[in-house]
*Asks:* 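Before anything else, here's the structure in question.
Everything numeric in this text was worked out from a predicted model, so none of it was measured. Each ligand, and each atom within it, is numbered from 1 in the order the structure gives.
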Amino acid sequence: MKALPGTQQIAAERSAIIGEVIDGPPSPARDRLRVLTGDRPTGDLHIGHYLSSLKNRVTLQDKGIESFVLVADYQVITDRDGVGAIQDNVRSVVTDYLAAGMDPTRSTIFTHSAISELNQLMLPFLSLVTDAELRRNPTVKDELAATDGRPLSGLLLTYPVHQAADILFCHANVVPVGLDQLPHLEQTRVIARRFNRRYADGHQVFPEPDALITSLPTVLGLDGAKMSKSRGNTIPLRASADETVALVRKARTDTDRRITFDRERRPEVANLLTVGAAFLGTSPESLASEIGDAGGAELKRRVASAVNDALAEHRRRRLELEADPAYVDQVLRAGNERARVVAVRTLETVRSVMGMTY
Ligand code: ATP
Ligand code: MG
């Protein structure tokens with residue numbers, strides 16, 4: 001890993017330690033872990049989500065680590081004028097969670113909008129940050145840049161504070177993130193620390209969560225930009241095998257027939273190699289050397305069939321779940337109930353330490 005700035009370096013070191021606890025034998029340290037993850041319901045989840053987060057969430061769950069999984073519906077309107085096909089999108093996201101192997105009796109799947117007490121935490125938390133801090137948050141800047149010149153909404157500006165509420169309401173102490181999301185998590189740590197100091201006499205009402213840093217690089221979409229639900233450049237998990245073949249064929253490559261793994265000079269080819277290798281369980285370098293001079297068409301053929309083989313079971317379960325939308329809705333209702341109980345308790349503590357119980 002290249003040299004990182006101070007806070008990132010510390011976060012990376014702590015992430016490595018947590019990784020060891022997770023991969024090690026069952027232990028009290030592992031029992032204490034509680035993970036929060038989530039997605040914005042802006043469209044269908046794609047292979048980037050599968051590789052960078054879904055698979056990993058199921059692994060954590062299956063190791064017995066307690067997980068909260070947020071369908072962040074209020075965050076949909078940080079950077080657009082309407083909620084879009086929100087019902088369909090929420091259902092699609094939850095369907096992919098279940099198809100990927102998330103067990104709703106072990107992972108609490110919930111939506112922002114159903115948990116008033118979570119959202120109420122925004123008020124004390126907002127008092128703990130300054131507008132200058134929020135404006136210089138690199139993740140907010142990146143998200144703003146991705147909206148092609150839209151004015152910054154108050155909700156996007158305060159995104160990191162809302163995220164702090166998401167993480168702290170359930171006392172999550174581990175948050176799987178890409179390196180680009182670290183500034184958000186740092187903001188949560190600052191909010192937890194300031195809350196404890198200013199409002200709780202130094203008592204540890206909120207733990208400072210650690211990042212579990214994802215090692216997979218960001219998956220690029222068919223147009224060469226970051227694969228992203230809102231850009232229409234994805235290979236959705238719900239695509240059929242034939243659709244996947246057609247989509248992968250559209251992916252950008254270059255004119256060099258010899259396939260080599262060079263992320264700097266050949267980002268699109270490197271991306272296909274990374275995706276193919278991740279689904280095959282091999283390295284991008286060895287996939288490249290297997291393909292050799294056979295060219296971009298062969299690379300795409302291999303990537304499409306790797307995706308299709310690895311996702312066959314996921315897609316079979318997805319079709320079953322699509323046939324039973326009432327079950328999917330019920331999973332979400334039950335998850336919301338569970339999350340609400342936790343949020344009520346946390347808000348009660350917050351009001352109590354702040355002397356606001358009347
Ligand atoms: P949107 O276009 O609505 O922002 P998105 O595709 O960027 O959608 P998010 O819901 O914003 O998805 O991201 C949820 C999580 O999924 C992120 O924290 C990130 O870790 C992961 N993720 C999203 N896109 C990719 C990608 N292209 N490659 C790897 N991981 C990704
Ligand atoms: Mg995004």
Side-chain angles (χ1 to χ4, degrees), residues 15 35-58 60 67-86 88-90 92-94 96-97 100 102 109 111-112 138-148 150 153 155-156 159-160 162-163 166-167 172 174-185 188 209 211-239 247 251-252 263 267-268 270-272 274-279 307:
S15 168
V35 175
L36 177 100
T37 58
D39 300 278
R40 302 201 303 160
T42 46
D44 297 319
L45 296 183
H46 52 68
I47 57 168
H49 296 116
Y50 188 84
L51 292 174
S52 75
S53 62
L54 288 194
K55 253 185 4 169
N56 192 34
R57 289 181 204 172
V58 175
L60 294 174
S67 305
F68 282 74
V69 187
L70 167 63
V71 182
D73 54 358
Y74 273 138
Q75 292 305 342
V76 169
I77 44 175
T78 47
D79 62 358
R80 61 203 72 199
D81 291 332
V83 294
I86 191 82
D88 290 347
N89 290 341
V90 169
S92 172
V93 167
V94 176
D96 274 318
Y97 289 169
M102 267 177 228
I109 301 170
T111 50
H112 264 147
T139 318
V140 169
K141 284 190 192 160
D142 288 351
E143 306 248 342
L144 182 63
T147 65
D148 294 329
R150 272 185 81 90
S153 74
L155 191 59
L156 182 51
Y159 197 153
H162 204 182
Q163 212 168 52
D166 300 339
I167 296 167
V174 181
V175 185
V177 289
L179 267 181
D180 57 326
Q181 292 277 326
L182 273 182
H184 266 1
L185 194 64
T188 297
L212 183 61
I213 299 169
T214 323
S215 52
L216 192 86
T218 300
V219 173
L220 304 183
L222 305 174
D223 58 357
K226 171 188 174 298
M227 184 174 285
S228 173
K229 317 180 209 90
S230 322
R231 284 185 67 101
N233 64 353
T234 75
I235 299 172
L237 296 175
R238 71 180 311 165
L247 285 169
R252 271 212 226 160
R263 200 172 286 288
E268 288 102 357
N271 179 59
L272 284 173
T274 304
V275 167
F279 278 109
V307 173

*Asks:* Could an N or O of ligand 1 be found under 3.5 Å from any N or O of P217, whether backbone or side chain?
*Replies:*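 No; the residue has no nitrogen or oxygen that sits under 3.5 Å from a nitrogen or oxygen of the ligand.
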*Asks:* Closest heavy-atom contact between G178 and T214?
*Replies:*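 Distance-wise, the nearest heavy atoms are N-OG1, 3.8 Å.
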*Asks:* Under 4.0 Å from a heavy atom of S230: give me the atoms of ligand 1 that qualify, with their elements.
*Replies:*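 Near S230, the atoms of ligand 1 are 1 (P), 2 (O), 3 (O).
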*Asks:* For atom 28 (N) of ligand 1, what is the closest protein heavy atom, and at what distance to 0.1 Å?
*Replies:*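 Nearest protein contact, heavy atoms only, for atom 28 (N) of ligand 1 is V219 N, 2.9 Å.
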*Asks:* Can a donor-acceptor pair be found, under 3.5 Å and without considering hydrogens, that links the side chain of N233 to the backbone of S228?
*Replies:*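 Present.
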*Asks:* What's the shortest heavy-atom distance between A172 and V35, and which atoms?
*Replies:*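 Looking at all heavy atoms of both residues, the shortest contact is CB-C, 4.2 Å.
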*Asks:* Of all the non-hydrogen atoms in the protein, which one sits nearest to atom 24 (N) of ligand 1, and at what distance?
*Replies:*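 It is K226 NZ, 3.1 Å.
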*Asks:* Would you mind telling me if ligand 1 is within reach of the side chain of T218, the backbone, both or neither, using heavy atoms under 4.0 Å?
*Replies:*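 For T218, the contact with ligand 1 is made by both the backbone and the side chain.
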*Asks:* Tell me whether S15 contacts the main-chain N or O of I213 through its side chain, where contact means a donor paired with an acceptor under 3.5 Å.
*Replies:*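 Checking the backbone N and O of I213 against the side chain of S15, a donor-acceptor pair under 3.5 Å is found.
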*Asks:* Among all protein heavy atoms, pick the one closest to atom 12 (O) of ligand 1 and tell me residue, atom and distance.
*Replies:*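 I find the closest protein heavy atom is H49 NE2, 2.9 Å.
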*Asks:* Does the residue H46 have a heavy-atom contact with ligand 1, meaning some pair of atoms that are separated by less than 4.0 Å?
*Replies:*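 Flag set, H46 near ligand 1.
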*Asks:* Starting from atom 4 (O) of ligand 1, what is the nearest protein heavy atom, named by residue and atom, and what distance separates them?
*Replies:*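 Here the nearest protein heavy atom works out to R40 NH2, 3.1 Å.
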*Asks:* Can D39 and R57 be counted as an ion pair, charged N to O under 4.0 angstrom?
*Replies:*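 Result for this pair is yes, salt bridge flagged.
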*Asks:* Which residue holds the protein heavy atom closest to atom 3 (O) of ligand 1, what is that atom called, and what is the gap in Å?
*Replies:*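 The protein heavy atom lying closest is T42 OG1, 2.5 Å.
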*Asks:* Show the nearest heavy-atom pair for residues V175 and L36, with the distance to one decimal.
*Replies:*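 Smallest interatomic distance, heavy atoms only, reads CG1-O, 3.6 Å.
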*Asks:* Looking at non-hydrogen atoms alone, which of G178, P176, S52 comes nearest to atom 21 (C) of ligand 1?
*Replies:*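 Looking at heavy atoms only, S52 sits closest to atom 21 (C) of ligand 1.
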*Asks:* Please state which protein non-hydrogen atom is closest to atom 8 (O) of ligand 1 and give its distance, to 0.1 Å?
*Replies:*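 I find the closest protein heavy atom is K229 NZ, 3.0 Å.
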*Asks:* Under a 3.5 Å distance rule, please check whether S92 uses its side chain to pair with a backbone N or O of D88 as donor and acceptor.
*Replies:*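 No.
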*Asks:* For Y159, is there any backbone N or O sitting under 3.5 Å from a side-chain donor or acceptor partner on H162?
*Replies:*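 Checked: no pair found.
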*Asks:* So, taking the atom named CZ in R231 and the one named OG1 in T42, what distance separates them when rounded to the nearest 0.5 Å?
*Replies:*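 If I round to the nearest 0.5 Å, the distance is 13.0 Å.
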*Asks:* Heavy-atom distance from atom 17 (C) of ligand 1 to the protein below 4.0 Å?
*Replies:*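 Under 4.0 Å from atom 17 (C) of ligand 1, zero protein heavy atoms found.
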*Asks:* What is the closest protein heavy atom to atom 15 (C) of ligand 1, and at what distance does it sit?
*Replies:*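 The closest one turns out to be D39 OD1, 3.9 Å.
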